[in-house]
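Since the structure comes first, as structure tokens, the remarks are kept for the end.
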Amino acid sequence: MITPVERGDLTNRQWAELEPLLPQGKKPGRPPAWPRRQLIDGIRSRTRTGTPWRDVPERYGPWDRVYDLFRRWQRNGTWARIVAQLQAQADTRGLITWNVNVDSTVCRAHQHTSPMSWPTASTTRRRRRRTRPVRSGAPCSSRTGSPPTPRASV
């Protein structure tokens with residue numbers, strides 16, 4: 001077992017829980033040059049600190065190998081599957097409380113997110129009031145309130 005060297009590295013107990021969830025290699029042959037634990041610690045270091053990929057410390061392996069593993073697993077959905085499985089395990093142990101609390105004072109939408117537009121001076125001038133009540137059931141024109149005039153068809 002590899003013992004953690006840095007503060008953010010996986011502990012042996014964490015690695016024992018994570019290792020069975022990782023995908024197995026499909027190709028037989030030469031063993032990988034860099035252990036997965038080391039590369040995953042490099043990915044975790046990079047996401048924790050927010051540094052560029054090229055600045056991943058060399059103790060985690062070459063930065064391009066670390067990035068390649070991250071990107072490959074991101075594209076094929078491995079990370080999402082691992083998170084879902086870890087959440088399911090924690091939920092069966094009762095370690096996750098699925099309570100949701102929404103504070104309405106925080107959940108506000110900006111005025112530009114509304115599909116309606118606010119009336120402006122130019123649109124309020126164009127609006128007219130109805131001068132006569134509309135008879136129910138009769139079609140009317142939008143401006144005068146009177147029925148539309150029939151047009152001759154050609």
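None of the values given here were measured: they were computed from a predicted structure.
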Roughly how far apart are Ile43 CD1 and Arg65 CZ, rounded to 0.5 Å? 13.0 Å
Just grab all the salt bridge (Lys or Arg N to Asp or Glu O under 4.0 Å) pairs involving residues 72-95, residues at least two apart or on different chains. Glu17-Arg93, Asp68-Arg72
Any luck finding a side-chain donor-acceptor pair between Asn76 and Thr78 under 3.5 Å? yes
Could you check whether any side-chain heavy atom of Trp63 comes within less than 4.5 Å of a side-chain heavy atom of Pro52, counting everything from C-beta outward? no
Would you check if the side chain of Gln14 reaches a backbone N or O of Thr11 as a donor-acceptor pair within less than 3.5 Å? yes
Run the numbers on Leu69 and Ile40 for side chain to side chain contact (heavy atoms under 4.5 Å, CB included), then give the verdict. CA-CA 8 Å; Leu69 180 70; Ile40 290 173; 4.2 Å; yes
Could you tell me whether Arg13 atom CZ has more than 12 heavy atoms of other residues or ligands within 6.0 Å of it? no
Heavy-atom pair with the smallest gap, counting every atom of Gln89 and Leu21: NE2-CD2, 3.8 Å
Side chain to side chain contact (heavy atoms under 4.5 Å, CB included) between Leu22 and Arg36, worked out: CA-CA 9 Å; Leu22 302 178; Arg36 278 194 178 169; 3.7 Å; yes
When rounded to the nearest 0.5 angstrom, what distance separates OG in Ser45 from CD in Gln38? 12.0 Å
Under the rule for side-chain contact (heavy atoms from CB on, under 4.5 Å), what residues qualify as partners of Ala90, not counting sequence neighbours? Leu95, Ile96
Side chain Arg37, main chain Trp15, donor-acceptor under 3.5 Å: no
Please name the pair of heavy atoms, one in Pro35 and one in Ala33, separated by the smallest distance, quoted to 0.1 Å. CD-O, 4.1 Å
Testing the basics here: between Tyr60 and Leu39, what is the closest heavy-atom pair and its distance to 0.1 Å? O-CD2, 3.5 Å
Using 30° and 60° as the class limits, which term best fits the ring planes of Phe70 and Trp53: parallel, tilted or perpendicular? tilted
